[in-house]
Every structure is written in C-alpha cells, then in structure tokens.
Amino acid sequence: MGNPNVSNQGYQEAQSYGSPLQAEIIGQVQIPAPQLVSDRKKGTAALLCFFFGSFGAHRYYAGKVGSGVGMFFTLGGLGIWTLIDFIRILTGGFKDYNNLPLK
C-alpha cells in the first residue's frame with residue numbers, strides 16, 4: 001500500500017487470495033491468516049437438527065435465534081427447511097451467527 005518495499009504485484013496476489021485481511025505481505029512472501037471456526041460443533045448441530053430440527057433447536061444452538069423462532073412456528077418449513085439445514089450441516093455449509101463454519 002504505502003510501503004515502497006512492497007510491489008503492486010504482491011498486493012494483487014493478496015487480493016486474489018481473498019481479502020487483505022486474509023493475507024499479509026512481507027516483501028514477496030504471503031502469510032495466510034489463521035482459519036477462524038466457530039466454537040459450536042458440527043456433530044452436536046447435526047444431532048439437534050435430526051431429532052429436534054422442526055423446532056429449530058440446531059439454529060438456537062448456532063446462535064441464530066430469529067430463524068430458530070421462524071422454524072419453530074412453521075415446524076421447520078414443514079420439514080423442507082429442516083432437511084436443507086441437515087444437509088448443509090453435514091456438508092459443512094451451515095454457519096453460526098458470526099458467519100463462521102462449525103468445527
């Protein structure tokens with residue numbers, strides 16, 4: 001950025017890596033930032049979804065209280081919403097309230 005020792009090419013490489021927060025450039029070397037994950041567990045969320053998914057228990061567990069209430073009153077979108085969430089939990093696409101993947 002303002003450092004004359006860092007070339008524009010290195011900055012562009014960091015941009016292609018993701019965002020400036022995900023990589024730090026020291027000369028021409030990129031150091032990836034640590035991967036952030038939620039403190040919530042994927043297995044616990046999957047079990048809650050399987051047994052109590054129609055009531056939104058897995059969403060309460062992940063901190064998504066608003067959508068958990070929505071699931072409770074619609075019985076998990078008549079099961080469709082619950083099924084989609086269960087698949088997303090098993091494949092790693094379900095995230096917590098901070099938009100971090102479950103561990």
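Since we're looking at a predicted model, the values are computed, not measured.
- Listed by chain and number, the residues in a side chain to side chain contact (heavy atoms under 4.5 Å, CB included) with Leu90 are Ala46, Phe86 (sequence neighbours excluded).
- Note on residues 38-63: pairs passing salt bridge (Lys or Arg N to Asp or Glu O under 4.0 Å), not counting sequence neighbours, are Arg59-Asp85.
- The closest side-chain heavy-atom distance from Phe94 to Cys49 is not below 4.5 Å.
- The same ILVMFWY cluster, assembled from side-chain heavy atoms under 4.5 Å apart, contains both Phe73 and Leu75.
- In this structure, Thr44 OG1 and Lys103 NZ are separated by 10.0 Å, a value rounded to the nearest 0.5 Å.
- Here the CG-OH distance, from Leu102 to Tyr61, works out to 7.5 Å after rounding to the nearest 0.5 Å.
- Pairing each heavy atom of Leu36 with each of Leu100, the nearest pair is CB-CD2, 3.8 Å.
- Between Tyr60 and Val69 the shortest side-chain heavy-atom distance falls below 4.5 Å.
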Quick one: side chains of residues 50-57, donor-acceptor pairs under 3.5 Å with protein atoms, not counting sequence neighbours, listed by atom name and distance.
none

